[in-house]
Number of protein chains: 2
Amino acid sequence: MNKPTDPTRTIVSRRSRPAKEPLSREQIVKTALDLLKQEGTPGMSMRKIAKALDTGPSSLYVYVANLQELSAAVLDEGLCEVVLPEAQKDSWKKPLIDALLSYAKVLYESPGLAELSLSTIPIGPNSLALSEYLLQRLHEGGITSTQAAWGVDLLLFYGASVAFEQASRNQQGTTLQAAQTFYQSLDAKRYPMLVGVQAEMFSGGPERFRWGLEVILQGMLQTDTRS
Amino acid sequence: MNKPTDPTRTIVSRRSRPAKEPLSREQIVKTALDLLKQEGTPGMSMRKIAKALDTGPSSLYVYVANLQELSAAVLDEGLCEVVLPEAQKDSWKKPLIDALLSYAKVLYESPGLAELSLSTIPIGPNSLALSEYLLQRLHEGGITSTQAAWGVDLLLFYGASVAFEQASRNQQGTTLQAAQTFYQSLDAKRYPMLVGVQAEMFSGGPERFRWGLEVILQGMLQTDTRS
DNA sequence: ACCTGAACACCGTTCAAGT
DNA sequence: ACCTGAACACCGTTCAAGT
């Protein structure tokens, strides 16, 4: 494209310079996370990451096995912002809920991260720390170990899903409005209940998430694993 | 259908024959669902659907706005297999749970469908019927309308997520095993609880899903929306 | 009205070749 | 050891041109 022989150009282009500062895994992960935050999932492609680092896509494969593995690393990097409040003596529930609120907030603030969290198995120091923290609080709450294990899964997935839903709504107001007007146009004879609760279906911001957490925790306290 | 005995008609290759049986939206959706069931999400591409119908990808756009819209239609088509048991006089809970088990089973049996359900806003007769059904059962159970609306969302999402997790595990045993051995290799000093419940983290088939449903329902019965 | 071919602007991943 | 260019086998979507 812009290759025509430019006689004024005496300076050697960066491209032909033999040595470049070498890449690093950390650099790649950070660049990927930046792109993800700025442009969402479609922004985090191998080719775009490479371009942002001024190299070719094949160069990344020295440090990263494939996109999936990179995604896991990016998710974990993103989760370093989650705040785990210090444990309290009098209440196990409050810090637990606060941690989950922080988790949901982090995901909510970068929709791409929320999307990743739904499709990536979370292995990495930060997600492990979060799980460990939740398990400890549930243990303090006297919840069985099997229930606690399953419960952590349920709570984390709920957080991710709420964040993803909310984020994708904010991003593309189009789709949501379309869905809402669609619900309003429903036949009240065929779907009486649905039409009746149509407004509630789309309502509720943070309090809806809190409600869900309360529901799950309440339920766990009263349900046995062998019921 | 085929024009009989056209005197000017000499045998020509199918490719050069001007007229072909026209496509239809229904045909496209069904073909897409078949491909999705057989080959998962990567199998359901515009290009592959077109090839299966012996045409070019651009031909599909006469009947379908884009891949997203098609996905919604495919999801709904797939949900026609969900069984909604007749309402019972003595129990609202059993039919509700059975419907959700059926929902999860349908998604579980074709992993691609589970994946779709996590990324597609479910508008279509079959998903509406399911929501309406759940709302009615919850109403019978005496659950507030706001709680019911939010609860349906929670229950459906939980079903989809469990199906997706299970399906993606079965599909690629590699990733799961890797995750499991990874958990086993964790530092017990840093993650004592996590190592302790490591086995439970990956355990539990259908009973785990039932447990989650019980938890959510129990919790809903005891949680107010304004708590 | 419906279908087609060709093009546009993208993907992830591999691999021989360079330094 | 690291980087590169080029290639392979894919994507979704558009559009002028055909029938």
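Pairing each heavy atom of A:A32 with each of A:I49, the nearest pair is CB-CD1, 3.7 Å.
Scored by the side-chain contact (heavy atoms from CB on, under 4.5 Å) test, A:A52 finds A:T31, A:L35 as partners (sequence neighbours excluded). Among residues two or more places apart in sequence or in another chain, the side-chain hydrogen bond (donor to acceptor under 3.5 Å, both in side chains) test is passed with B:S119 by none. Listed by chain and residue number, A:E200, B:W150, B:T225 satisfy the side-chain contact (heavy atoms from CB on, under 4.5 Å) test with B:T146 (two or more places apart in sequence, or in another chain). When the side-chain contact (heavy atoms from CB on, under 4.5 Å) test is applied to B:S58, no partner is found at least two apart in sequence or on another chain. For A:K51, there are no side-chain hydrogen bond (donor to acceptor under 3.5 Å, both in side chains) partners at least two apart in sequence or on another chain.
Side-chain N/O atoms of B:S58 include none lying less than 4.0 angstrom from OP1 or OP2 on C:dG5.
Rounded to an integer number of Å, the gap from CG of A:D54 to C1' of D:dT4 is 12 Å.
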Only pairs under 3.5 Å count here: list side-chain donor-acceptor contacts from residues 183-198 of chain B, not counting sequence neighbours, and write none if there are none.
| residue | atom | partner | partner atom | Å |
| --- | --- | --- | --- | --- |
| B:S185 | OG | B:F182 | O | 2.8 |
| B:D187 | OD1 | B:K189 | N | 3.0 |

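For DNA chain D, the neighbouring residues in residues 59-66 of chain B, judged by any heavy atom under 4.0 Å, are B:Y61, B:N66. Within residues 28-37 of chain A, no residue has any heavy atom under 4.0 Å from DNA chain D.
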Please write out each protein N/O paired with an N/O of nucleotides 8-10 of chain C under 3.5 Å, distance rounded to 0.1 Å.
none

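Among the duplex regions that DNA chain C forms, those built from at least three successive Watson-Crick or G-U pairs under 3.5 Å are C:4-8 with D:12-16, C:12-16 with D:4-8, ordered by first number.
Screening residues 96-105 of chain B for salt bridge (Lys or Arg N to Asp or Glu O under 4.0 Å), with sequence neighbours left out, gives B:K94-B:D98, B:K105-B:E109. The stretch residues 58-77 of chain B participates, sequence neighbours left out, in these salt bridge (Lys or Arg N to Asp or Glu O under 4.0 Å) pairs: B:R25-B:E69.
The main-chain N or O of A:P85 is found under 3.5 Å from a side-chain atom of A:Y133 such that the two form a donor-acceptor pair.
Within 6.0 Å of CD on A:E207 lie more than 12 heavy atoms contributed by other residues, nucleotides or ligands.
Listed nucleotides: C:dC3, C:dG12, C:dT4. Nearest to the side chain of A:M46: C:dG12.
Distance check on atom P: D:dA9 versus C:dA9 gives 23 Å, rounded to whole Å.
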